[in-house]
Enquirer: 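Encoded as structure tokens, here's the structure I'll be asking about.
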Amino acid sequence: RRRLAGRRVVVVLEWAALECATGLSQRAGDLLAEEESSLAEFSITYHALWALFRTPLHRAGHLLVYMHSVGGMLVEVNPAFPVPGSAQRFARVVAELIRRGHVGGDDGEGDSVPLLSIVTGTLHSMLPVHCRQAVVSIIPAAGGGSGSPATRESGCGLQLDEFISSARAQVGSTVGPEDDGRGVFVFVVSASSHADAARADIGGGHIKECVSVSVGNAGITVGASACRQICDKFTSLWNVADSGMVSPSAADTTRLY
């Protein structure tokens, strides 16, 4: 529960094509056309995770990431997870996760906390009562693009800047490490080219609040662009100083978990 106290942004990468990883990890050499399609879908999650873990918000310890797969698998991503340098390498890691239930942790390498772990139960049951939850409607560059995460053309609810203004009023400057969740903001972002995040159900019924995020690009990286915008807005809102570190130290991770 401590990792969900104080000021936190939680990003849920919804409809992630994690189950594709097993087949992709077993392929040597050139990919077949069907496998190229699977890799493109899987890459939406990879690019979003890559972008999230390179934000000042992450480096300062204010970001938590979960992946919720097409098949209903919920994965918690340790802030110290070293995101691989390519989607195909990430596929091998995810394939190991599916096979073992976790990556890192009690594997004899001295780590007590898994870097990736499949979570039992629902995310909703873990979240603080008074946290604020919203699905993200991504408005891509004109023309969309092949492989773009599914979006709603007209957007919905508040624009991101409007949401941030309301968040400023909601939190103020009184949130401490033992607050009741009012400093926790959950964003559900589609990691699929087929399913809108608005269909997401993280275990407590469909999320009713929706935030529109406009991005200037198209294709498989629009989800990553939306995630980066959200993190940048909260970095400014909370006056987060950039530590310049790529990921938290092991000690910082132990404190979070």
Side-chain angles (χ1 to χ4, degrees), residues 1-16 18 45 48-49 52-53 55 57-58 60-81 102 113-137 156-158 160 163-164 166-172 174-191 195-211 213 223 226-227 230-231 233-235 237-238 240 248 252-257:
R1 292 284 182 181
R2 289 181 59 197
R3 64 187 183 276
L4 288 167
R7 292 177 173 175
R8 293 283 185 272
V9 168
V10 179
V11 174
V12 184
L13 300 177
E14 181 65 42
W15 308 113
L18 301 183
T45 301
L49 189 62
L52 286 164
F53 271 46
T55 61
L57 197 72
H58 168 71
H62 291 287
L63 177 68
L64 292 171
V65 179
Y66 291 86
M67 301 181 292
H68 192 205
S69 79
V70 175
M73 179 171 58
L74 180 62
V75 177
E76 184 172 14
V77 185
N78 188 310
F81 175 64
H102 65 89
V113 180
L115 295 172
L116 295 176
S117 58
I118 297 176
V119 178
T120 302
T122 67
L123 179 57
H124 178 79
S125 65
M126 304 179 218
L127 295 172
V129 174
H130 296 293
C131 71
R132 190 169 173 185
Q133 303 172 31
V135 297
V136 175
S137 180
C156 62
L158 299 172
L160 182 56
F163 184 93
I164 293 299
S166 65
R168 180 180 293 108
Q170 175 181 336
V171 176
T174 60
V175 175
E178 303 301 329
D179 73 285
D180 58 3
R182 286 183 170 83
V184 177
F185 297 85
V186 182
F187 294 92
V188 182
V189 181
S190 176
D196 194 298
R199 290 174 48 204
D201 182 349
I202 60 174
H206 292 283
I207 300 170
K208 296 179 175 59
E209 191 166 11
C210 185
V211 177
V213 178
C227 289
I230 292 167
C231 290
K233 293 293 184 181
F234 277 92
T235 296
L237 175 64
W238 292 336
V240 174
D252 289 337
T253 303
T254 300
R255 284 197 294 270
L256 276 175
Y257 282 73

Enquirer: Between Phe81 and Leu49, does a side-chain contact (heavy atoms from CB on, under 4.5 Å) hold up when you go through it step by step?
Expert: CA-CA 10 Å; Phe81 175 64; Leu49 189 62; 4.0 Å; yes
Enquirer: Consider side chain to side chain contact (heavy atoms under 4.5 Å, CB included). Of Leu18, Leu74, Val12, which one does Met67 pass it with?
Expert: Leu18
Enquirer: Could you check whether any side-chain N or O of His62 sits under 3.5 Å from a backbone N or O of Val9, counting only pairs where one atom can act as donor and the other as acceptor?
Expert: no
Enquirer: Please report the C-alpha distance between Cys231 and Leu63 in whole Å, then the side-chain angles of each, then the deciding distance to 0.1 Å, and finally whether the side-chain contact (heavy atoms from CB on, under 4.5 Å) criterion is met.
Expert: CA-CA 8 Å; Cys231 290; Leu63 177 68; 4.2 Å; yes
Enquirer: I want to check something: taking the side chain as every heavy atom from C-beta on, are Phe53 and Val77 in contact at a cut-off of under 4.5 Å?
Expert: yes
Enquirer: Of all heavy-atom pairs between Gly223 and Val189, which one has the smallest distance, and what is that distance?
Expert: O-CG1, 4.4 Å
Enquirer: Counting C-beta onward and ignoring hydrogens, is there a side-chain heavy-atom pair between Leu13 and Cys227 closer than 4.5 Å?
Expert: yes
Enquirer: So which atom in Ala16 and which in Ala191 form the shortest heavy-atom distance, rounded to 0.1 Å?
Expert: CA-CB, 4.1 Å
Enquirer: Taking side chain as C-beta onward, heavy atoms only, is His68 less than 4.5 Å from Val188?
Expert: no
Enquirer: Any non-hydrogen side-chain atom of Leu64 less than 4.5 Å from a side-chain atom of Pro79?
Expert: yes
Enquirer: I need the Arg8 CZ to Trp238 CH2 distance, nearest 0.5 Å.
Expert: 8.5 Å
Enquirer: Minimum heavy-atom separation for Arg132 and Ala167, please, with both atom names.
Expert: NH1-N, 3.9 Å
Enquirer: What's the separation between atom CG in Leu57 and atom NZ in Lys233, rounded to the nearest 0.5 Å?
Expert: 13.5 Å
